[in-house]
Amino acid sequence: QSQELSQARIDYHAALLALQEYGTRMVCTGKMHTDRICRFDYLCYCTEAEEFVFFHSNSSFMLPNLGPRRFQPALLDLSSVEDHNTQYFNFLELPAAALKFMPKPVFIPDVTLILNRFNPDNLMHVFHDDLLPIFYTMQQYSDLGDEARLVFMEGWGEGAHFDLYRLLSSKQPLLKEQLRNFGKLMCFTKSYVGLSKMTTWYQYGFVQPQGPKANILVSGNEIRQFASSLMEKLNITTRGGEESAAEEKDEYIVVFSRSINRLILNEAELILALAQEFQMRAVMVSLEEQTFPSIIKVISGASILVSMHGAQLVSSLFLSRGAVVVELFPYAVNPEQYTPYKTLASLPGMDLQYVAWRNMVEENSVAYPERPWEQGGIAHLDKEDQEHILASKEVPRHLCCRNPEWLYRIYQDTIVDIPSLLEALRATVKTRPNLKKAKPASTVHPGQVREPQCQTSVQATNEAMLTVSWQIPWNLKYLKVREVKYEVWIQEQGENTYMPYILPHQNYTFSENIKPFTTYLVWVRCIFNKNLLGPFADVLMCRT
Ligand code: UDP
C-alpha cells in the first residue's frame with residue numbers, strides 16, 4: 001500500500017511539473033463557437049471563482065487563437081442547444097508562474113467530457129440535448145471510452161433521470177457542486193469541452209418559433225443505434241428479428257399517461273376503444289407509476305404508442321420499426337407548430353408512422369386559469385389579456401418559453417373524442433402496424449456511372465441524334481438491388497433549363513428536341529430503388 005501511495009506521489013509531482021512546464025494546451029474543431037469542441041491538456045478549474053483557467057507557459061498553445069474574439073460571444077456552446085447565451089464556455093488566463101502562489105492543484109486523471117445539460121428534469125431535453133449528443137461526442141473521440149468521466153457544469157442537481165446519464169460511462173458523472181470537494185484548484189489531465197450537435201433535430205423557439213432544425217444531419221439509424229446501446233446496458237432484449245408465432249400474436253398498444261397535468265380525462269374509455277378497434281391488448285404506463293427502464297421495455301415491444309403531447313413522447317425512439325406514434329393535442333393547440341416528436345418519428349430510417357390528433361371541442365377541455373403561471377395559470381394577467389386568451393381558438397405562433405396563452409392551452413386536460421381519434425388513425429395508419437415486416441430499408445447509394453460517352457449524328461438540316469452510354473457504378477456488381485434506373489439530364493449549352501429522363505438501360509438514343517450543330521451538356525447518374533440517388537458523372541460535352 002505504501003508503494004501505491006508513493007507511486008501516486010510521483011505521479012502527482014510529474015503532473016505538477018508538467019503543468020508548470022507545459023501549461024495548458026488546447027486544440028479545437030469548428031470555425032464558429034456553435035460548432036466547436038475543444039480538447040485540452042491540463043485545463044484547470046478554480047472552484048472558488050467558478051472559472052476554468054488556462055495556464056500560459058512557454059510551450060502552451062491555443063487553437064483557434066482568437067484573441068478577444070474568444071468573447072464574441074464565447075469560445076463555444078457548452079450545451080448542445082445552439083448559441084444559447086446562458087450556455088457559453090470560456091476560461092480565464094494566467095501565467096503558469098502564478099501556480100506558485102495558488103493552492104496546490106488536484107489532478108483528475110480520467111479523460112473527461114465537460115458539458116452543460118440543458119434541462120435535466122425534462123425527458124425530451126434529457127435525450128435530445130444531452131444523452132444523444134454525449135453518446136455521439138464520445139463516439140467521435142476514441143479516448144472518450146467507457147472509462148470517461150462526464151462533468152456537468154450547468155449547476156443543477158442530479159435531476160429526475162440521472163440514472164440514464166450514468167449509463168453512458170462506467171464512472172459516476174460529476175456535478176458542478178461536487179467539484180468543490182476536490183479542493184480550490186483542480187486540473188483535468190485530458191479533457192474535451194462541448195458537445196456534438198450532429199444528432200439534434202429540433203430547435204425550441206428561442207429566436208424563431210419552435211420547429212425542426214433547418215439542416216437535420218441525423219437519421220433513424222443513429223437514433224436506433226443509440227437506443228439499442230442504452231437498452232443493452234439496461235439488459236432489455238428486443239423481440240426484433242425472428243419471432244415465435246406466439247410472440248407475433250402478442251401485439252399491444254401502449255398509452256403513455258401523464259398523471260400530474262395535461263391529463264387524458266377518459267383514459268379508461270380510450271384504452272378500451274383502442275383495444276377494440278385494433279383487436280390488441282392495451283396497457284398504460286406513466287413516469288409516476290413505473291421506472292423508466294421498465295417503460296422502455298414495454299414501449300420497445302409495442303405496435304402503437306399513444307400519448308398527450310409532452311416530453312414522455314421522446315420514448316418513441318425505443319419503438320421498433322413499423323410502429324405507430326399517436327400524439328394528442330389539447331384544445332387550441334395546432335399540432336403543426338409543435339413537432340419535436342413528429343420530426344423524430346419522421347427521420348429517414350426511423351420507420352415509424354405518425355398521427356396527430358387535436359381536440360377541436362372546447363367543452364371537452366378543462367383549463368386551469370388559477371394555477372401558477374408556469375403551469376398555465378393566467379390569473380396574474382390583466383382582465384383584458386385574460387379575456388383575449390379565453391376567446392382565442394388557436395394559440396398564435398410564439399417564441400419560447402413563457403407565452404401565457406401557450407402555457408394556458410398546453411396545460412389543459414382533455415376528454416378525448418374517441419370517434420374523431422379513431423377516424424384520424426384510420427386515415428393515417430394505412431397499413432396495419434406490422435412489426436414483423438418492418439425491416440430497415442437499404443441506404444447504400446450508387447456510385448458514379450463509369451465511362452460515360454456520347455455519340456452524335458446529323459440526319460438532316462433539322463434532325464440530329466444523340467446517343468449516350470455508360471457503364472454501371474462500380475459498387476453495383478456487389479449488390480442485390482431491386483430496381484436500378486439511370487437519370488440523364490440534357491441541357492443545350494447556354495440555356496438554363498434541362499430535360500430530365502429516367503431510363504432503364506445503359507444507353508439511349510435521343511432524337512426528339514435534338515438540333516444539329518448544337519452543343520449539349522449531358523449528366524448521367526444511377527438511382528437504386530427509386531430514391532437512392534448516386535452522384536452525377538462528369539458532365540459530357542456532346543456536339544451534334
Ligand atoms: N411529466 C410527467 N407526468 C406529468 C407531467 C409531467 O411524467 O403528469 C414529466 C414530463 O414527461 C417531463 C417532465 O415531467 O419529462 C416535465 O414536464 P413538462 O410538462 O414541464 O414538460 P413537457 O412534457 O411539456 O415537455
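In listed order, ligands and their atoms are each counted from 1. Given the structure is predicted, the values throughout are model-derived calculations rather than measurements.
Side-chain polar atoms of Asp77 and Gln87 form no donor-acceptor pair below 3.5 angstrom.
Near ligand 1, residues Asp121, Asn122, Leu123, Arg258, Ser259, Ile260, Asn261, Arg262, Leu287, Glu288, Gly310, Ala311, Gln312, Tyr411 each place a heavy atom inside the 4.0 Å sphere around the ligand atoms.
For Glu288, the CD atom sits in a packed shell: over 12 heavy atoms of surrounding residues, nucleotides or ligands are nearer than 6.0 Å.
In this structure, the separation between CZ on Phe256 and CG on Leu313 is 8.0 Å, given to the nearest 0.5 Å.
Centroid-to-centroid, the aromatic rings of Phe89 and Phe52 come within less than 6.0 Å.
Here the shortest heavy-atom pairing between Pro340 and Trp201 reads O-NE1, 2.9 Å. Looking at every heavy atom in both residues, Ser80 comes nearest to His128 through OG-O, 4.2 Å.
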